Structures are given as structure tokens and as C-alpha cells.
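The model shown is predicted, which means the values in this text are computed figures rather than measured ones. Chain letters run A, B, ... following the sequence lines, proteins first and then strands; every chain starts at 1. Just so it is clear, the values below take in all heavy atoms, side chains as well, and ignore hydrogens, waters and symmetry mates.
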Protein chains: 2
Amino acid sequence: MCKDTVIDKMKEAGLRITPQRVHIVELLYQLSHPTADQIYLKMTEKFPYVSHATVYNTLKKLKVIGVVRELSNGDKSSHFEMVETEHWHFNCKVCGEMYDLEAHKNEVLMAYGTNNYAFQVDSFRVEFYGVCAKCNAK
Amino acid sequence: MCKDTVIDKMKEAGLRITPQRVHIVELLYQLSHPTADQIYLKMTEKFPYVSHATVYNTLKKLKVIGVVRELSNGDKSSHFEMVETEHWHFNCKVCGEMYDLEAHKNEVLMAYGTNNYAFQVDSFRVEFYGVCAKCNAK
DNA sequence: ATAGGTGCAAAGAGTTTGCATATAA
DNA sequence: TTATATGCAAACTCTTTGCACCTAT
């Protein structure tokens, strides 16, 4: 999903396309699953008077219309990323780094349950997102 | 992993086995991925003067020794669960409910990309936990 | 005996809200 | 034109911290 598609979806959803919002979308592509505050800090380079409210508010709306996903792994603050269908992350319990796994996917899968790989994988979980049976029935 | 195994791991890690901590472990089994505050509230039934500090502190230590995992999906507060190797959750974007998927796993997998199932699956992600290559090399 | 845990209260951090002003449509 | 977004500041919620007392080992 490219930037223009995201902006189209925002228009469809009745959201206004402001320069701030466009830049937030751009930063979501540029930065690697940033926190709200990381986006805020980058924003200030282009919009020195941007407020936290704008960043949080926009991220929340992008999430509601389904183009952004909020991630957290028990760090203080949430991370955000553009929604793509398949998603793989590796979370290091030592340094707290969150890796995107497009490149390392097979290596991590192989590493699961062995000690012979650069990544040491202790466990994994799978998260599905959508509408549950109960809400679907309404 | 049963309660006694968890308590053994706590001893091995040099943690003291207090009545409060035993009860927190029990509640982690009884409740379905509770928040810290849900555990705190249940605690007060047995320990009327328990403090938030005790609950948060204990959950953190259980997490560090690897028997508890902290989950979050952008709700205000984190959810906690006992670590088991394979983990599947379904997160409903309408009601916010988090379902354990042992029973529904196949149904959810089938539902991915179709409209013919009770669960409507929009996307998924996979989270691995362990030690990254960089930290492993140290 | 003593290192570590508990309960209390206050502080900290991230996020949200209310409101006046500004702006996209 | 006008409904919506922005920026500011204050409020709110979740989590952590400091400290005196207590307790598991």
C-alpha cells in the first residue's frame, strides 16, 4: 500500500488532508515502527509548533480506518506501522530492539528450538486482527 | 508449565516465595490475559491491603525470568499471560476482546482472506521473542 | 540476621481532552 | 461557509519509585 493509496483511504473516510497528516504518513514509511514521540520529534523539524495532540489524534484516526497498526511489547510507549497483510517481528529481550523480519524470516523459523543460529528464539506468538464472531453477528 | 514449575523457576532465580506472589501466579492461570489492574483488584479480595507496587513489581520480575509475557494491543494497559511456546490470539477491532485461539485456530486460518467464516480476519502478524544476533555475539 | 518484599504515597511518563484559533473542502 | 484540524495547556491513567516496616530464607 503506497502513500497515495493511504491518502485516498483517508479521503474516503472523510478525513481532511492537512500538511501535518501527509507528513505523518510519510514518516510512518521512513521510520521503522516509530513511537508517537519519535514521530513527534521528526515532525518538529518540518513543523516546529506541531503538538502531541495532532500526532496522537492522527495516529488514532489512521488506526481506526485500518491503515496503521499500533504495536507494543511492554515498552512504555506504543510503536506504529503501516498495515501490511503479513507481518513478522523479532523482539530482542536483551536490547529491546524490534526487528522487521522480511529478510530473516526463514532464519528465525529455523532458529526456533535450536542453538545454531544468530538469532536465539525462545517463543513466538501469532496475532490475528479483524472482527470476532459475536460482533460479526450483530 | 504448571504452577509448581513456575514457583521452582522463581526460587532458582532467587525470588522469594511470598503469599502475594503465589496468588499472583494463581490469578495468571485463572484469569484470561488480565491487566495489572485486574490482577490487583482480584488480589484485594484475598489481600485487602495489597499495593499496586507489589503487583507491578512481581509481574515485572516474572517477566524477566521468562515465565510471564506482557501483551498489549494499544489498549491503555498491558495484558499478562503465562508464557507457553505457541501462542495464537484473535483481536477484535470492534469490541476489543482478545481471544485465545486454541479451539478456533484452524477456523481463523481458513477465514483469512475469505468472508465465509464467523471470524473476519483482516490481517495478522507474528512476533518472535529471544535474543538478537547482535546481543548473542556479546 | 538480613537481603529482599510489602504497603503507602507521591512522582513520572505517555496519552487524552477542552478550548480558542486556523484551515481544508 | 463551516465542519474539522491544530496548538497549547492542563488533566488523566498507567506504571514506577522512595522509604519505613516487615518477612522468607
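Taking the side chain as every heavy atom from C-beta outward, A:Val68 and A:Met82 approach each other to under 4.5 Å. The shortest side-chain heavy-atom distance between B:Gln20 and B:Thr58 does not fall under the 4.5 Å cut-off. A heavy-atom distance below 4.5 Å is found between the side chains of A:His23 and A:Glu26.
No continuous path of hydrophobic side-chain contacts links A:Tyr56 to A:Leu41 [ILVMFWY only; heavy atoms under 4.5 Å].
Contacts of B:Tyr40 classified as side-chain contact (heavy atoms from CB on, under 4.5 Å), with partners at least two apart in sequence or in another chain: B:Asp37, B:Thr44, B:Val50, B:His52, B:Val55. Here B:Ser51 pairs with B:Ala53, B:Thr54 under the side-chain contact (heavy atoms from CB on, under 4.5 Å) rule; sequence neighbours left out.
Interface residues of residues 22-30 of chain A facing DNA chain D, ordered by number: none; criterion, heavy-atom separation under 4.0 Å. Listed by residue number, the members of residues 40-58 of chain B with any heavy atom below 4.0 angstrom from DNA chain D are B:Ala53, B:Tyr56. Contacts between residues 5-17 of chain B and DNA chain D, defined by a heavy-atom separation under 4.0 Å, are made by B:Arg16, B:Ile17.
When rounded to the nearest whole Å, the span between CZ of A:Arg21 and P of C:dA24 equals 11 Å. For the pair B:Gln38 CD and D:dC14 C1', the interatomic distance rounds to 13 Å; values are reported in whole Å.
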- Query: After noting the C-alpha distance and the side-chain angles of B:Lys61 and B:Ile65, does the key distance pass the side chain to side chain contact (heavy atoms under 4.5 Å, CB included) rule?
  - Reply: CA-CA 6 Å; B:Lys61 301 212 167 187; B:Ile65 68 172; 5.7 Å; no

- Query: For A:Glu70 and A:Leu59, what are the C-alpha separation, side-chain angles and deciding distance, and is it a side chain to side chain contact (heavy atoms under 4.5 Å, CB included)?
  - Reply: CA-CA 9 Å; A:Glu70 186 172 358; A:Leu59 288 172; over 6 Å; no

- Task: Under the side chain to side chain contact (heavy atoms under 4.5 Å, CB included) rule, what do B:Leu62 and B:Met10 come out as? Steps first, then yes or no, please.
- Result: CA-CA 8 Å; B:Leu62 293 176; B:Met10 290 168 72; 3.7 Å; yes

- Query: Would A:Glu12 and A:Lys9 satisfy salt bridge (Lys or Arg N to Asp or Glu O under 4.0 Å), going step by step from the backbone distance to the final call?
  - Reply: CA-CA 5 Å; A:Glu12 279 170 37; A:Lys9 289 211 174 205; over 6 Å; no

- Task: Begin with the C-alpha distance, continue with both residues' side-chain angles, and end with the deciding distance and a verdict on side chain to side chain contact (heavy atoms under 4.5 Å, CB included) for B:Arg21 and B:Val25.
- Result: CA-CA 6 Å; B:Arg21 287 183 171 175; B:Val25 170; 5.7 Å; no

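In terms of phosphate contacts, B:Gln20 brings a side-chain nitrogen or oxygen within less than 4.0 Å of OP1 or OP2 of C:dG7. For A:Ser77, no side-chain nitrogen or oxygen approaches OP1 or OP2 of C:dA13 to under 4.0 Å. Proximity of A:Lys61 to the phosphate of D:dA5: a side-chain N or O atom is located under 4.0 Å from OP1 or OP2.
End-to-end axis angle for the helix from C:dA1-D:dT25 to C:dA25-D:dT1, using five pairs per end and rounding to 10°, comes out at 50°.
A donor-acceptor pair under 3.5 Å is absent between the side-chain atoms of A:His33 and the main chain of A:His79, judged by distance alone.
In this structure, the separation between CZ on B:Phe80 and CG on B:Leu27 is 13.5 Å, given to the nearest 0.5 Å.
Along DNA chain D, the nucleotide closest to B:Phe80 and the one closest to B:Pro19 are compared, and the more 5′ of them pairs with B:Phe80.
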